[in-house]
Amino acid sequence: MLMCLCYGISCSEIKKIVQSGIITTEGVQNECQAGTGCGCCLDALKLMVESEANKQQNELTLTNAHAVVVRGSSRSQCP
Ligand code: FES
């Protein structure tokens, strides 16, 4: 599904950009030009970037929590 008709940028392209570490709307705009034409997609773009950035942050938090649990488990098995 296209997010930005002016530049032919799809939702999946936006998600990939955010997953690469670009987590701001301005950063995504700089990367692919989405939202810099007529502006009709800008609100939807902002929501998608925010949503994907939050998912990224949650995954990072879960990964860090898992690492803490694994470290804690290892420590408790030490004599
Ligand atoms: S549809 Fe995205 S800038 Fe026009």
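Counting starts at 1 for both ligands and their atoms, following the listed order.
- Atom-to-atom distance recorded for Ile14:CD1 and Met1:CE is 13.0 Å, nearest 0.5 angstrom.
- Under the side-chain contact (heavy atoms from CB on, under 4.5 Å) criterion, Glu31 pairs with Ile17, Ile22, sequence neighbours left out.
- One finds no salt bridge joining Lys16 and Glu13 here, because no Lys/Arg side-chain nitrogen approaches an Asp/Glu carboxylate oxygen to under 4.0 Å.
- Rounded to the nearest 0.5 angstrom, Gln19 CD and Gln56 CD are separated by 5.5 Å.
- Under the 4.5 Å side-chain criterion, counting only non-hydrogen atoms from C-beta, Gln29 is in contact with Leu42.
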Can you list the steps and then say if Ile23 with Val49 is a side-chain contact (heavy atoms from CB on, under 4.5 Å)?
CA-CA 6 Å; Ile23 58 168; Val49 171; 5.6 Å; no

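- Taking a cut-off of 2.8 Å, the protein N, O or S atoms nearer than that to atom 2 (Fe) of ligand 1 are Cys4 SG, Cys41 SG.
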